[in-house]
Every structure is written in structure tokens, then in C-alpha cells.
> 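My structure is below; once you've seen it, I'll send some questions.
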Amino acid sequence: MIDYDLQKPQYSPLMQLAILLMLVSAGFLIGSFVTLGVASAYLHVPFGKLHEALENLQDPYLSRLLQFVATFFIMAIPSCVFARIMNPKPFDYIGFNRALNSRQVFLIIGIVFLSLIVGGALSEVNARIPLPKSAEQYFKGLEDKYYQNVIAIADMKSLKDYVISLFMIALLPAIFEEMLFRGALQPVMIHLIRNSFLGILITSILFSAIHASYYGFLTRLALGLIIGYVFYFSKNLWPASIIHFLYNAAGVTQIYMLSRRGLLTRETMNDDSFPVYYGLLAAGALYIIFIFFRKESEMVLSMFIQRKKNNNEEVF
């Protein structure tokens with residue numbers, strides 16, 4: 001594949017990583033204050049009593065709003081500021097471009113379908129990894145907390161709730177997370193390590209780790225690798241965001257259907273695993289689809305870059 005080096009910043013990879021980490025840290029601090037302020041105003045609770053109120057929060061609307069605010073400040077804003085520091089055209093730099101056609105979208109749908117099967121099989125593998133009793137109890141406690149948060153955020157009783165959840169839980173977080181992990185962090189890691197696979201792998205490990213779910217670690221790691229290579233081949237953040245959104249949307253849809261039937265529990269939410277051999281077959285099919293996606297992306301990028309040059313425009 002032609003190596004379209006679309007990101008050529010003036011700083012060294014190590015300096016880029018330091019800048020990005022500082023921006024994310026600042027976003028975390030600012031986002032925490034804003035989130036607490038929003039929660040305090042909404043609940044009419046003073047800051048001193050917010051911790052207890054948020055621990056027992058049962059309002060899905062506020063939960064969605066707080067998640068949006070947090071991801072916006074921690075991921076979206078730092079990514080935009082980082083991209084602007086690196087390039088006068090931050091959205092072009094980070095990967096928001098029009099180098100996309102209908103055949104790529106068709107292949108993306110296939111990638112999402114197979115990714116769900118691979119992820120389900122890896123969930124089964126993850127659950128079978130033996131752990132010391134103390135570690136198992138600790139991770140199960142974290143998992144219980146994670147599912148409580150998911151249920152609080154995604155509990156839906158009407159079609160309106162479902163549409164709002166698709167927007168607030170599936171779409172916006174997908175875009176924000178892709179801006180940070182694929183648009184900003186992944187190219188930095190690839191340039192820093194000088195190895196595309198290791199750069200994508202480390203980014204995917206970090207992507208999975210921030211979700212703080214041991215039993216979903218391998219599933220999210222695989223998703224990170226899949227999305228990472230989609231971005232690496234396409235140099236376009238839209239396909240990566242589409243995959244992430246559709247993956248999230250599948251989970252939101254499952255929760256909506258369970259919620260409507262009064263069956264929303266951790267056990268029913270977690271009932272999405274597949275036999276390991278299903279995952280192996282899906283992984284093989286996924287590899288074949290990626291061959292086509294890579295070739296199609298190379299052709300689309302070549303045409304996009306040539307069109308830019310013909311119009312005397314900067315490519316990125």
C-alpha cells in the first residue's frame with residue numbers, strides 16, 4: 001500500500017505524545033469541574049454531598065448528559081487543540097475528510113457484523129482465563145459497577161429515549177473517542193515506535209483499558225485493532241467513527257429491547273458471547289474483507305489526493 005504520510009507535524013513524536021498527554025490531563029481536570037457543576041445544578045445538591053448523590057444516581061437523562069460532558073472535555077477538545085497545534089487545519093489533520101465511497105461503507109458494514117462475532121468469541125475466552133480468587137472477586141466487583149453504570153445511563157422506556165441514547169451514548173462518544181485514540185494518539189504512537197502494528201496495538205490496549213472492564217478487555221482490544229487498521233488504511237476518521245457508532249448502537253439497541261420487556265439485568269446484557277470457533281471463522285472472513293478494504297481505500301485516497309492537486313489545494 002502507498003504510504004500516505006498525511007500527518008507531518010513540526011514536533012518530534014515524543015514531544016507530540018507529551019503535548020497530547022498534557023492536553024488530556026487538562027481536559028480531565030476541566031471536565032471534572034464542569035461535570036460536577038452540571039450535576040450540582042441539576043440535582044440541587046451542594047458539592048460536598050455530590051459524591052453520595054452520584055453513587056446512587058438513577059436518572060438516565062443526567063447520566064447521559066454527564067457522560068457527554070466528560071468525553072467532550074477529556075477527548076474531543078484535547079484532540080482538536082492538539083491537532084491545531086500540529087497543523088493549521090486541525091480537522092483535516094485529525095482525519096475528517098471526504099476520501100470515502102459507497103464500496104468502503106458496504107465493506108464497513110461487513111466488518112461491523114464480523115467484529116461482533118469475533119468480540120463475542122473473545123468475551124468467552126476472556127471469561128475462561130483463570131485468575132486468583134482475590135483478583136477474580138476484584139474484577140467482578142468492577143464489572144458489577146460497570147454494568148450498574150450502563151443500566152443507569154441506558155435505561156430506556158420509550159422510542160424517544162432510544163433515539164436520544166443512540167445520539168448521546170452511541171454516536172457522540174464514538175466520534176469523540178475516535179478523535180482521541182485514532183485521530184490523535186495512533187499516528188503519534190506509530191511515528192514514535194516506527195512500527196505500524198505495535199503503534200496500533202498499544203493504542204488499542206489503552207483504548208480497551210480506559211473502559212475499566214476486565215471481562216470485556218479482549219473484546220475491546222480486538223475492536224480497537226479493527227478500527228485502528230480501518231483508520232490506518234483509509235486515513236479517514238469517518239469510517240472508524242461509523243464502525244464505532246454501529247458497534248455502540250448494537251449494544252444500545254439490545255439494552256432498549258431488554259428494557260422495553262422489563263428484562264434489563266447484567267445477566268441478559270452479558271448474554272452476547274459466541275463459541276470460539278465462530279470467532280475463528282469470523283476472523284478469517286474479516287481478514288479477507290480487510291484485503292478488499294485496503295485496496296479500495298488506496299484507490300480512493302489516490303483519487304482524492306489527485307483531485308486536490310488538480311485544484312491547487314493542500315491535500316491535508
> Please tell me if the side chains of L172 and F72 come closer than 4.5 Å, counting only heavy atoms from C-beta onward.
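Sidechains of F72 and L172: no contact.
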> Say whether, by atom type as modelled, one donor and one acceptor occur between the side chain of Q16 and the main chain of Y11 under 3.5 angstrom.
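The answer is yes, because a donor-acceptor pair under 3.5 Å joins these two groups.
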> Is there a side-chain contact between K140 and Y214, using heavy atoms and a 4.5 Å cut-off?
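No, their side chains stay 4.5 Å or more apart.
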> Please set out all donor-acceptor pairs under 3.5 angstrom arising from side-chain atoms of residues 26-38, sequence neighbours excluded.
residue : atom : partner : partner atom : Å
S32     : OG   : F28     : O            : 2.7
T35     : OG1  : G31     : O            : 2.6

> With no hydrogens and no angle check, just 3.5 Å: does a side-chain donor-acceptor pair link Y229 and S196?
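On atom types as modelled, these side chains do not qualify, holding no pair under 3.5 Å.
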> Can you tell me if N87 uses its side chain to pair, donor with acceptor, with the backbone of Y93 under 3.5 Å?
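No, because the side chain of N87 does not come within donor-acceptor range (under 3.5 Å) of the backbone of Y93.
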> Taking Q67 for its side chain and I169 for its backbone only, find out whether a donor-acceptor pair lies under 3.5 Å.
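Judged by distance alone, no pair lies under 3.5 Å.
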> Could you tell me whether the side chains of S297 and Q104 share a donor-acceptor contact shorter than 3.5 Å?
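There is such a pair (donor and acceptor under 3.5 Å, judged by atom type) between the side chains of S297 and Q104.
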> Just by distance, do the side chain of N97 and the backbone of F304 share a donor-acceptor pair under 3.5 Å?
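Here the side-chain-to-backbone pair does not exist.
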> Counting neighbours of CZ on F106 that are heavy atoms of other residues, nucleotides or ligands and sit closer than 6.0 Å, is the number greater than 12?
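For F106, atom CZ is not crowded (no more than 12 foreign heavy atoms under 6.0 Å).
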> Listing request: all salt bridge (Lys or Arg N to Asp or Glu O under 4.0 Å) pairs with a residue in residues 187-215, at least two apart in sequence or in separate chains.
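Found none.
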> Does H191 reach the main-chain N or O of P187 with its side chain, forming a donor-acceptor pair under 3.5 Å?
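Confirmed, H191 side chain pairs with P187 backbone.
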> Tell me, do P275 and E124 make a side-chain contact under 4.5 Å, heavy atoms counted?
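The answer is no, as the side chains (C-beta and beyond) never meet within the 4.5 Å cut-off.
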> Does any donor atom in the side chain of Y61 or D161 lie under 3.5 Å from an acceptor atom in the other side chain?
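Their side chains do contain a donor-acceptor pair, which is all the 3.5 Å distance test asks for.
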> What do you reckon, are the aromatic ring centroids of F293 and F233 less than 6.0 Å apart?
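For F293 and F233, the ring centres are not under 6.0 Å apart.
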> Has H44 got a side-chain atom pairing as donor or acceptor with S40's backbone, closer than 3.5 angstrom?
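No; judged by distance alone, with no hydrogens or angles, the pair does not exist.
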> Under the side-chain contact (heavy atoms from CB on, under 4.5 Å) criterion, do N126 and T219 qualify, and how do the steps go?
CA-CA 8 Å; N126 215 148; T219 297; 5.8 Å; no
> Table please: side-chain donor-acceptor pairs of residues 197-204 below 3.5 Å, with sequence neighbours left out.
residue : atom : partner : partner atom : Å
T203    : OG1  : G199    : O            : 2.8
S204    : OG   : I200    : O            : 2.7
S204    : OG   : G224    : O            : 3.2
S204    : OG   : L225    : N            : 3.1

> Could you check whether any side-chain heavy atom of F290 comes within less than 4.5 Å of a side-chain heavy atom of L286, counting everything from C-beta outward?
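Counting from C-beta outward, F290 and L286 do come under 4.5 Å.
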> Spell out, as yes or no, whether a donor-acceptor pair under 3.5 Å connects the side chain of T71 to the backbone of F68.
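Side chain of T71 to backbone of F68: a pair is present.
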> Checking the side chain of S123 only, and the main-chain atoms of G119 only, is there a donor and an acceptor separated by less than 3.5 Å?
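Such a contact is absent between S123 side chain and G119 backbone.
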> Please tell me if the side chains of F207 and L185 come closer than 4.5 Å, counting only heavy atoms from C-beta onward.
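The answer is no; the side chains never approach within 4.5 Å.
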> Please name the pair of heavy atoms, one in L62 and one in A39, separated by the smallest distance, quoted to 0.1 Å.
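Heavy atoms only, the tightest pair is CD1-CA, 4.5 Å.
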> Mind checking what makes salt bridge (charged side-chain N to carboxylate O under 4.0 Å, His left out) contact with R84, not counting sequence neighbours?
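In terms of salt bridge (charged side-chain N to carboxylate O under 4.0 Å, His left out), with neighbours along the sequence ignored, R84 is linked to no residue.
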> Does the side chain of F217 come within less than 4.5 Å of L122's, by heavy atoms?
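Of all side-chain heavy-atom pairs linking F217 with L122, none is under 4.5 Å.
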> Is the count of non-hydrogen atoms from other residues, nucleotides or ligands lying under 6.0 Å from Y278 atom OH greater than 12?
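Atom OH in Y278 is not crowded, with 12 or fewer foreign heavy atoms closer than 6.0 Å.
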> Determine which pairs satisfy salt bridge (Lys or Arg N to Asp or Glu O under 4.0 Å) with at least one residue from residues 172-181, sequence neighbours left out, and list them in order.
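Checked against salt bridge (Lys or Arg N to Asp or Glu O under 4.0 Å) - neighbours excluded - the pairs reaching residues 172-181 are E178-R182.
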> Just wondering, do L100 and V300 contact through their side chains at under 4.5 Å, heavy atoms?
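Result no, sub-4.5 Å side-chain heavy-atom pair not found.
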> Mark yes when over 12 heavy atoms from residues, nucleotides or ligands other than F113 sit less than 6.0 Å from its CZ; otherwise mark no.
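At most 12 heavy atoms, drawn from other residues, nucleotides or ligands, come within 6.0 Å of this atom.
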> Decide, yes or no, whether a salt bridge links E298 with R294 under the criterion of side-chain N to carboxylate O below 4.0 Å.
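Judged by the 4.0 Å cut-off on N to carboxylate O distance, E298 and R294 do not form a salt bridge.
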> Residues two or more places apart in sequence or in another chain: which of them pass side chain to side chain contact (heavy atoms under 4.5 Å, CB included) with V81?
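For V81, the residues satisfying side chain to side chain contact (heavy atoms under 4.5 Å, CB included) (neighbours in sequence not counted) are L23, I77, I85.
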> Is there a side-chain contact between L166 and L171 in this structure, where contact means two heavy atoms from C-beta onward sitting under 4.5 Å apart?
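The answer is no; the side chains never approach within 4.5 Å.
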> Does a sphere of radius 6.0 Å around CZ in F91 hold more than 12 heavy atoms from other residues, nucleotides or ligands, not counting ones at 6.0 Å or beyond?
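No, not enclosed.
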